[in-house]
Amino acid sequence: MANTHKNFLLMAHSLALKNFGKTFPNPSVGCIIVKNNKIISQGVTAKAGRPHAEEIALKKSGKKSKDSTMYVTLEPCHHKSYNGSCTNQIIRSGIKNIFIALIDPDPRTNKKSIKKFNENNINVNLGLTGNKTYALNKFFFESLKNKRPYTKVKMAISKDEKIAWQDYKSKWISNNQSREYSHILRYNSQAILTSSKTVILDNPKFTVRKNNKIIKYLPVIIIDTSLKIPLKSNILKYISKRRIIIFTAKKDKKFKVLKRLGCELINIKKNNKSELNLDLIFRKIYDLGIKDIQVEAGGIFLTNLLKEKLVNELHIFKSPKKIGSNGIPLIVNNSIKKFNFKTTDKKKFGNNEYTKYLIN
């Protein structure tokens, strides 16, 4: 019987996986309702986080939910949703048993739902397959704990760990297969963080593409201390389709122009090194409702993020090309080997090697 319960939870996890990347800032949750050992309904967190998986499943099952068993990958919410909290909806439905993979760390819910289920004579089983919920929605758990966005850095490097030639004219280091996978990484992110230097040198669009077609416009966050980004940048061409947030220490005519264009500008004072405080910026990003970011910038920016311990994951695409000692390094004054990164995934994309590192 234990395997049966586990299998139903694994099905709920499969549902959650299908919608990952669409539910930000909420985690992607899967829910299955079973009666007489048959699935009568299922749901997954909808786009932008609402409605919740449990709400969708309950709406589908209707009165059939009475005396059934629910399998859900995260503790149902205790706070308000479309039709009241998921907890209250479950209680009203007459569900008799509930299997919850993992407790919700959000203080609005944390163990409160479980307590209420117990008070209403609903049998609660907790913790089965909880590791899968955490692995999929790591951004949710870690951002809530640290009060800053879960941060992934994506970089393409040469065999000798350089990101560009000295003149920055190296447009592509990685191959087409690697670039296709990098768009999957973008798709599964809530926003892109970059620097004004990257915008000026590369003039990127930062769209998500599939088969050379744009399928998603992610919010873009730019750290631009002196407001140097050109007004004709490719990023600004898509201002009507996505959110653009700029952190700057400047407040001049250009500040007003960018604001009129639709950018969100946030003033930050320089520190004693005449730089913007990255830790403060990351906390403000979190307060803006952005819990997951992918960084696409240069080696200096990466080095600064590592120094401030603001990186959670590093995604490296290594090409067999060599740039030489005059090239721009991945990490300033250091090699990646000197850091205690944990390798969690490796892939081959033609002659490119992809490695995913977890940084504690």
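Because only heavy atoms are used, hydrogens play no part in the values below, and waters and symmetry mates are left out as well, while side chains stay in.
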Is it the case that the side chains of [Y] and [X] hold a donor-acceptor pair, with the cut-off being a distance below 3.5 Å and no angle test?
X    : Y    : answer
N97  : N125 : no
T45  : N26  : no
T109 : S113 : no
K237 : N234 : yes
S195 : T198 : yes
Y150 : Q190 : no
K66  : S93  : no

| Side chain proximity check, K116 to H78, heavy atoms < 4.5 angstrom | yes
| Side chains of E313 and T151: closer than 4.5 Å at any heavy-atom pair? |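 E313 vs T151: side chains apart.
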| request: Could you check T133 against T129 for side chain to side chain contact (heavy atoms under 4.5 Å, CB included), going step by step and ending with a plain yes or no? | output: CA-CA 7 Å; T133 298; T129 70; 5.6 Å; no
| task | Taking all non-hydrogen atoms of both residues into account, name the closest pair between I95 and S68 and its distance. | result |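 Smallest heavy-atom distance, with atoms named: CG1-OG, 3.4 Å.
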| said: Restricting to non-hydrogen atoms, name the atom on S178 and the atom on N352 that form the minimum distance, rounded to 0.1 Å. | reply: OG-OD1, 2.9 Å
| query | Step by step, would you call I266 with T248 a side chain to side chain contact (heavy atoms under 4.5 Å, CB included)? | reply | CA-CA 6 Å; I266 299 172; T248 184; over 6 Å; no
| field | All ring pair (Phe, Tyr, Trp, His ring centres under 6.0 Å) counterparts of F317, not counting sequence neighbours | value |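 Scan of F317 (ring pair (Phe, Tyr, Trp, His ring centres under 6.0 Å), adjacent residues dropped) gives Y354.
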| said: Would you say that more than 12 heavy atoms from the other residues, nucleotides or ligands in this model lie under 6.0 Å from the CG of D287, or not? | reply: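 Check passes, neighbour count above 12.
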| query | With a cut-off of 6.0 Å (strictly less than), are more than 12 heavy atoms of other residues, nucleotides or ligands near NZ of K96? | reply |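 Not buried by this count: 12 neighbours or fewer within 6.0 Å.
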| Donor-acceptor under 3.5 Å (S61 side chain, A57 main chain) |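 Side chain of S61 to backbone of A57: a pair is present.
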| task | Dump the intermediate steps for side chain to side chain contact (heavy atoms under 4.5 Å, CB included) on K250 and T225, then the final yes or no. | result | CA-CA 7 Å; K250 202 140 186 179; T225 307; over 6 Å; no
Quick one: side chains of residues 212-223, donor-acceptor pairs under 3.5 Å with protein atoms, not counting sequence neighbours, listed by atom name and distance.
{"unit_1": "K216", "atom_1": "NZ", "unit_2": "G21", "atom_2": "O", "d": "2.8"}
{"unit_1": "K216", "atom_1": "NZ", "unit_2": "Y187", "atom_2": "O", "d": "2.8"}

| task | For the residue pair F141 and Y134, categorise the inter-ring angle as parallel (less than 30°), tilted (30 to 60°) or perpendicular (more than 60°). | result |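 Rings of F141 and Y134: tilted, as their planes differ by 30° to 60°.
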| Electrostatic pair K154-E296, nearest N-O below 4.0 angstrom |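 Looking at E296 together with K154, the answer is yes, because their closest N to O distance falls below 4.0 Å.
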| task | Check step by step if side chain to side chain contact (heavy atoms under 4.5 Å, CB included) holds for I98 and I100. | result | CA-CA 6 Å; I98 184 165; I100 301 168; 3.8 Å; yes
For residues 300-308, tabulate all N or O donor-acceptor pairs below 3.5 Å that involve a side-chain atom, not counting sequence neighbours.
{"unit_1": "T303", "atom_1": "OG1", "unit_2": "G299", "atom_2": "O", "d": "2.7"}
{"unit_1": "T303", "atom_1": "OG1", "unit_2": "V332", "atom_2": "N", "d": "2.9"}
{"unit_1": "N304", "atom_1": "ND2", "unit_2": "I300", "atom_2": "O", "d": "3.3"}

